[in-house]
Undergrad: 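Below are the structure tokens for one structure; questions will follow.
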Amino acid sequence: MAFRRQIIRATLQNAKRNSLAQLARAGGRCLSTASPSLSAATADAPPQLPPFDHRPKPYKGPSAEEVLQKRKTYLGPSLFYYYQKPLNIVEGKMQYLYDENGKRYLDAFAGIVTVSAGHCHPEILKDIVEQSELLQHATTIYLHHAIADFAEGLAEKMPGNLKVVYFVNSGSEANELAMMMARLYTGNLEMISLRNGYHGGSSNTIGLTALNTWKYPIPQGEIHHVMNPDPYRGIFGSDAAGYAKDVEDHIAYGTSGRVAGFIAETIQGVGGAVELAPGYLKTVYDTVRKAGGVCIADEVQTGFGRTGSHYWGFETQGVIPDIVTMAKGIGNGLPLGAVVTTPEIASVMSQKIQFNTFGGNPVCSAGGLAVLRVLDKEKRQQHCAQVGTHLIGRLRDLKEKYEIIGDVRGRGLMVGVELVTDRKEKTPAKAETAVLFEQLRELGILVGKGGLHGNVFRIKPPMCFSKDDAVRSLKETHRYSEEERVLPRPASLSLSLGILPLTPYALFLPHIIPPSASESFFRSPLNKVQQPNNLGSDLHSQLKELIPEQQERLKKIRSDYGKVQLGNITTDMVIGGMRGMVGLLWETSLLDPEEGIRFRGLSIPECQKVLPAAQPDGEPLPEGLLWLLLTGKVPSKEQVNALSKELRDRAAVPDYAFKAIDALPVSAHPMTQFTTGVMALQVQSEFQKAYDQGIHKSKYWEPTFEDSLNLIARLPAVAAYVYRRIFKDGKIIPMDDSLDYGANFSHMLGFDDPKMHELMRLYVTIHSDHEGGNVSAHTGHLVASALSDPYLSFAAALNGLAGPLHGLANQEVLLWIKSVVEECGENISKDQLKDYVWKTLNSGKVVPGFGHGVLRKTDPRYMCQREFALKHLPKDPLFQLVSKLYDVVPPILTELGKVKNPWPNVDAHSGVLLNYYGLTEARYYTVLFGVSRSIGICSQLIWDRALGLPLERPKSVTMEWLENHCKKAAAA
Ligand code: MLT
């Protein structure tokens with residue numbers, strides 16, 4: 001009690017000193033009234049744990065008091081226990097624990113991050129029991145299949161050549177063995193580990209551990225502790241380079257220059273869920289290997305999918321270690337540890353006897369293998385990603401409200417919440433943490449504590465934290481959430497109020513998130529894209545700078561808004577081509593039904609105004625649009641010029657691509673010939689090469705970028721070849737090094753009128769992208785989601801574009817207009833035109849170029865072509881006919897009452913302009929569209945890879961399913 005009073009007193013004093021005091025006054029109900037219990041803290045009933053279908057067995061054993069006495073008498077004094085009144089936990093089931101009175105607790109610490117699949121998981125238990133009944137132990141001097149099966153299962157989970165497994169009984173043992181291997185393999189002694197790291201408490205690993213609270217004054221071995229790359233407290237923040245340099249310096253100044261190895265946890269466990277600064281391990285592994293050392297990843301806490309994003313923690317840093325150690329989650333509670341390494345390193349252990357009596361015994365191996373199976377079967381990694389992302393997002397929301405929360409960090413279900421009394425100084429809120437810790441236990445929530453000062457809550461529950469729990473508990477705690485939103489409660493001394501939403505909510509609840517400003521995420525205002533752009537004139541290096549920030553942005557959207565509903569899916573949408581269903585992330589453009597397309601937030605007229613042009617008041621250069629789509633920034637003229645040159649430098653088409661086209665009959669549709677050429681270009685795919693060589697997924701975007709730029713650069717030559725092969729003399733017109741992309745395309749086709757160059761620049765710009773849902777873009781995105789390279793993905797997109805309901809409409813319009821002229825002459829009156837339109841409609845055909853799947857107004861792409869025509873060819877009879885159609889068709893389609901959009905789209909105009917400058921072959925028009933569309937599709941594809949967008953795989957249903965589902969819904 002004295003200790004408790006002390007904490008409370010300290011808490012009160014702190015509260016007076018800082019902002020908490022103010023909050024305490026506001027909250028009114030504080031600990032001064034008596035105990036730190038929930039009832040004292042709030043008049044409201046605490047939220048209940050979600051219902052759980054398990055009845056604990058009546059407990060007949062000794063009481064907590066008796067157990068404590070016996071422990072004190074017979075067990076070592078170093079053992080410590082949580083809570084002033086220690087808990088006597090007598091039963092466990094999945095994510096819950098039960099005390100001697102049958103009270104249920106949410107276990108958010110999993111027996112110190114050890115219970116992975118769930119307490120007493122039935123499937124794992126079954127295998128353990130079956131094996132125990134047959135044979136518990138005989139050790140490895142005899143053969144037994146369990147250890148071999150388990151080793152095989154584990155090795156299959158490892159990347160690279162990490163294929164040899166040693167089994168031990170704990171994490172300390174695993175790290176001992178790893179360190180020994182490192183020293184023997186390299187012939188060096190000195191080891192490097194991180195400050196704030198924990199790697200065990202045995203006499204050797206105590207040297208690796210770098211927290212004074214664990215260190216006894218005994219020889220610590222040849223071990224050096226380097227600066228911790230701690231984004232919250234470290235002096236370089238999240239900048240890995242500074243910390244990595246410290247390792248280099250340390251090796252240079254503090255060692256013989258040669259080291260045995262480096263060991264680190266990717267998210268420090270005991271140290272308080274500190275995630276290493278991104279990119280740190282990559283540089284440090286290189287440095288250590290250069291100094292002769294091996295790299296050891298301590299996966300004792302982070303392994304087996306707990307981080308959600310990856311199966312192993314080291315994968316989050318894009319590295320492959322030489323030795324991996326693991327324990328805890330590997331056994332779901334069985335005493336089990338392992339070291340996995342390469343055959344080469346493992347071979348050093350064969351010089352002497354290296355053996356572990358219990359390591360990998362049949363029971364542990366059977367259990368361990370069952371854990372691997374169950375975690376996969378129950379998709380726990382994905383689950384950790386989902387629940388953890390929500391949890392972290394929710395905790396971050398709380399951080400916005402409660403000053404005491406200094407930092408929320410971690411990944412998946414490996415989370416830390418650091419409490420500070422002062423955000424600026426980051427003073428550890430030790431006493432407050434202690435009080436809260438007690439209160440949480442009273443609420444039935446068991447979390448862990450960590451960090452040197454014990455001021456970090458460690459939330460690392462069993463990985464089976466179910467969605468069901470979340471949904472049901474939402475109902476029970478709804479009242480709390482409502483209250484909290486209406487009247488945010490202070491993080492005062494009634495700290496339970498702060499932590500209340502922090503735990504049952506955040507832990508359980510996919511919470512109803514405040515309405516998102518989703519539109520504003522996608523629509524960047526003009527001033528944003530026009531911000532001065534100081535990132536250099538090279539597109540690749542700009543992207544390299546932009547990608548990490550956008551990756552973080554996407555991560556935050558997922559964590560903050562992952563559960564926000566984006567509309568309701570109806571049966572109509574399922575049957576009706578998914579119209580209006582939000583289902584794709586597409587960064588480069590967004591289509592508004594009323595307003596038309598915006599490229600990175602810029603409308604077409606805005607693009608015409610701000611993107612660099614070849615001549616004053618001229619049309620935008622497509623290279624500028626490519627830059628804008630890729631970076632979200634308006635490029636300077638110099639940047640566009642540099643990109644023009646880069647595209648020219650990349651433009652050489654291999655001869656076999658032309659030969660592949662030549663293999664087709666000249667009569668083949670231009671789109672068939674064009675796509676064949678694109679498929680042939682695929683032979684040079686950098687992505688495919690890199691993938692075959694085992695490139696890490698964090699690097700996918702780089703070869704995708706290479707392929708995309710090469711593809712965009714080469715398309716005009718392939719397209720021009722098709723045109724000249726089919727419609728001209730077959731002679732190739734070489735590229736002109738003085739021309740930009742659009743003008744060069746026109747030139748290679750054989751059109752050198754400067755106005756045609758301008759038209760081609762405009763054409764290529766406006767057809768490039770039309771958000772992600774149109775058939776070509778969506779197809780490219782879908783195929784790319786299976787990691788097909790840009791050539792294969794774009795070829796698939798072209799096949800979609802070649803459909804008459806999509807890009808091919810481009811040719812239909814001109815053919816239809818020509819048929820009007822043929823029948824009625826060029827000077828057709830509006831009335832005659834009306835008749836002709838009705839005739840077309842009555843014959844069961846559509847008027848090509850009118851209507852759109854999304855647009856509900858005149859397509860701005862039509863309008864800008866109209867303006868082009870008004871400026872350059874106002875008297876052209878076909879243009880005048882197009883203008884008349886604009887007057888005549890919409891009223892008729894409206895009268896018909898069937899179409900949602902009677903207005904013209906882009907296709908209604910483009911053919912007439914091309915025709916005017918001599919490109920009269922309408923069958924070819926879709927190829928032009930295809931060249932342009934590569935710019936949008938490839939830009940997004942690079943971002944698909946950079947953002948790590950996953951395989952696209954929507955759910956489909958049968959008609960029977962729909963009937964049953966809808967009937968049930970109607971009856972409910
Ligand atoms: C496009 O440019 O892709 C077409 O307008 C089709 C569409 O957006 O659905």
Side-chain angles (χ1 to χ4, degrees), residues 517-535 539 542 546 550 586-641 643-644 740-742 757-774 777 852 854-872 903-906 908-910 913 929 932-933 935-937 939-940 943:
S518 54
E519 280 291 281
S520 63
F521 276 126
F522 301 111
R523 200 175 279 184
S524 355
L526 195 59
N527 59 9
K528 198 166 152 197
V529 287
Q530 281 191 287
Q531 274 165 9
N533 189 337
N534 300 324
L535 298 172
L539 194 50
Q542 284 232 349
L546 287 168
Q550 294 302 315
W586 192 269
E587 278 298 280
T588 49
S589 65
L590 186 70
L591 180 60
D592 184 282
E594 301 293 327
E595 189 192 48
I597 195 70
R598 277 181 180 266
F599 301 121
R600 291 284 190 173
L602 298 186
S603 66
I604 287 182
E606 283 166 351
C607 283
Q608 285 177 301
K609 211 184 289 167
V610 301
L611 288 179
Q615 57 196 54
D617 285 333
E619 300 303 338
L621 290 160
E623 297 89 321
L625 187 83
L626 170 60
W627 188 290
L628 173 70
L629 294 185
L630 268 173
T631 65
K633 311 265 179 219
V634 173
S636 64
K637 188 72 200 290
E638 292 69 47
Q639 287 168 328
V640 168
N641 288 344
L643 182 54
S644 277
D740 55 87
Y741 188 82
H757 287 187
E758 274 292 87
L759 175 61
M760 196 56 84
R761 291 174 189 129
L762 178 68
Y763 184 100
V764 175
T765 299
I766 64 174
H767 284 79
S768 60
D769 204 24
H770 216 231
E771 74 169 26
N774 66 72
H852 193 269
V854 179
L855 283 167
R856 296 295 169 259
K857 282 280 163 64
T858 302
D859 190 338
R861 297 175 295 179
Y862 174 94
M863 287 313 290
C864 74
Q865 294 187 99
R866 180 174 161 75
E867 271 152 31
F868 186 95
L870 286 169
K871 192 165 156 194
H872 299 291
W903 303 103
N905 64 48
V906 66
H909 218 306
S910 45
L913 301 181
F929 195 157
S932 167
R933 192 47 53 107
I935 291 180
I937 291 179
S939 299
Q940 177 59 37
W943 278 104

Undergrad: Does any part of the side chain of E758, heavy atoms only, come nearer than 4.5 Å to the side chain of H872, both counted from C-beta?
TA: no

Undergrad: If you define the side chain from C-beta out and look only at heavy atoms, does anything of F929 sit under 4.5 Å from S910?
TA: no

Undergrad: Looking at NZ of K857 and CG of D592, how far apart are the two atoms once the value is rounded to the nearest 0.5 Å?
TA: 9.5 Å

Undergrad: May I ask you to decide if V906's main-chain N or O and D859's side chain share a donor-acceptor pair within less than 3.5 Å?
TA: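 Side chain of D859 to backbone of V906: a pair is present.
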
Undergrad: Over all heavy atoms of both residues, which pair between F599 and T765 is shortest? Give the atoms and the distance, please.
TA: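 So the two residues come closest at CZ-O, 4.0 Å.
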
Undergrad: Might you work through the side chain to side chain contact (heavy atoms under 4.5 Å, CB included) test for K637 and L621, ending with a clear yes or no?
TA: CA-CA 10 Å; K637 188 72 200 290; L621 290 160; 4.2 Å; yes

Undergrad: Could you give me the CA-CA distance, side-chain angles and deciding distance for H770 and H852, then say whether side chain to side chain contact (heavy atoms under 4.5 Å, CB included) is met?
TA: CA-CA 12 Å; H770 216 231; H852 193 269; 3.5 Å; yes

Undergrad: Could you check whether any side-chain heavy atom of D769 comes within less than 4.5 Å of a side-chain heavy atom of S939, counting everything from C-beta outward?
TA: no

Undergrad: Rounded to the nearest 0.5 Å, what separation is found between the CG atom of L855 and the CH2 atom of W903?
TA: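 Going from CG on L855 over to CH2 on W903, the span is 13.0 Å.
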
Undergrad: Report the distance from atom CG of L762 to atom CG of L913, rounding to the nearest 0.5 Å.
TA: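 Those atoms lie 8.0 Å apart.
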
Undergrad: State, to 0.1 Å, how close L591 and I597 come at their nearest heavy-atom pair, and which atoms those are.
TA: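 Here L591 and I597 meet closest at CD1-N, 3.5 Å.
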
Undergrad: For residues E587 and Q940, is any side-chain donor paired with an opposing acceptor at under 3.5 Å?
TA: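 Looking only at side-chain atoms, Q940 and E587 do not form any donor-acceptor pair under 3.5 Å.
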
Undergrad: Please report the shortest heavy-atom distance between L630 and R600, naming the atom on each side.
TA: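 Heavy atoms of L630 and R600 come nearest at O-NH2, 3.5 Å.
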
Undergrad: How about W943 and L546: do any of their side-chain heavy atoms sit closer than 4.5 Å?
TA: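 Contact flag for W943/L546 side chains = yes.
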
Undergrad: Nearest 0.5 Å please: distance from the OG1 atom of T858 over to the CE atom of M863.
TA: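 T858 OG1 to M863 CE: 6.5 Å, rounded to 0.5 Å.
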
Undergrad: Test L602 against L611 for side chain to side chain contact (heavy atoms under 4.5 Å, CB included), laying out the working first.
TA: CA-CA 10 Å; L602 298 186; L611 288 179; 5.6 Å; no

Undergrad: Quick one: closest heavy-atom pair of R861 and I604, and the distance?
TA: CG-CD1, 3.3 Å

Undergrad: Does this structure show an ion pair linking K609 with E606, if we count only N-O contacts that are shorter than 4.0 Å?
TA: no

Undergrad: Do R856 side-chain atoms and E594 backbone N/O form a donor-acceptor pair below 3.5 Å?
TA: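 Pair absent, no side-chain N/O of R856 close to backbone of E594.
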
Undergrad: Do I935 and P622 touch side chain to side chain, with heavy atoms closer than 4.5 Å?
TA: yes

Undergrad: Is the shortest side-chain heavy-atom distance between I766 and Q865 below 4.5 Å?
TA: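 SC-SC contact between I766 and Q865 confirmed.
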
Undergrad: Where is the tightest heavy-atom contact between A613 and G618, given as atom of each residue plus distance?
TA: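 Closest approach of A613 to G618, heavy atoms only: CB-O, 3.6 Å.
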
Undergrad: Given 3.5 Å as the limit, does a donor-acceptor pair link the side chain of E619 with the main chain of R761, or not?
TA: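 It does not hold such a pair.
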
Undergrad: If you look at every heavy atom in N905 and Y862, which pair is closest and at what distance?
TA: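 Closest heavy-atom pair between N905 and Y862: O-CD1, 3.6 Å.
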
Undergrad: So, do L628 and C607 sit near enough that their side-chain heavy atoms are less than 4.5 Å apart?
TA: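 In short, these two side chains touch, coming nearer than 4.5 Å.
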
Undergrad: Look at the rings of Y763 and H767 and say which category their plane angle falls in: under 30° parallel, 30 to 60° tilted, over 60° perpendicular.
TA: parallel

Undergrad: Say you draw a straight line from CG of D617 to CD of Q608; how long is it, rounded to the nearest 0.5 Å?
TA: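 One gets 11.0 Å once the value is rounded to the nearest 0.5 Å.
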
Undergrad: Do N641 and E623 have side-chain heavy atoms sitting under 4.5 Å apart?
TA: no

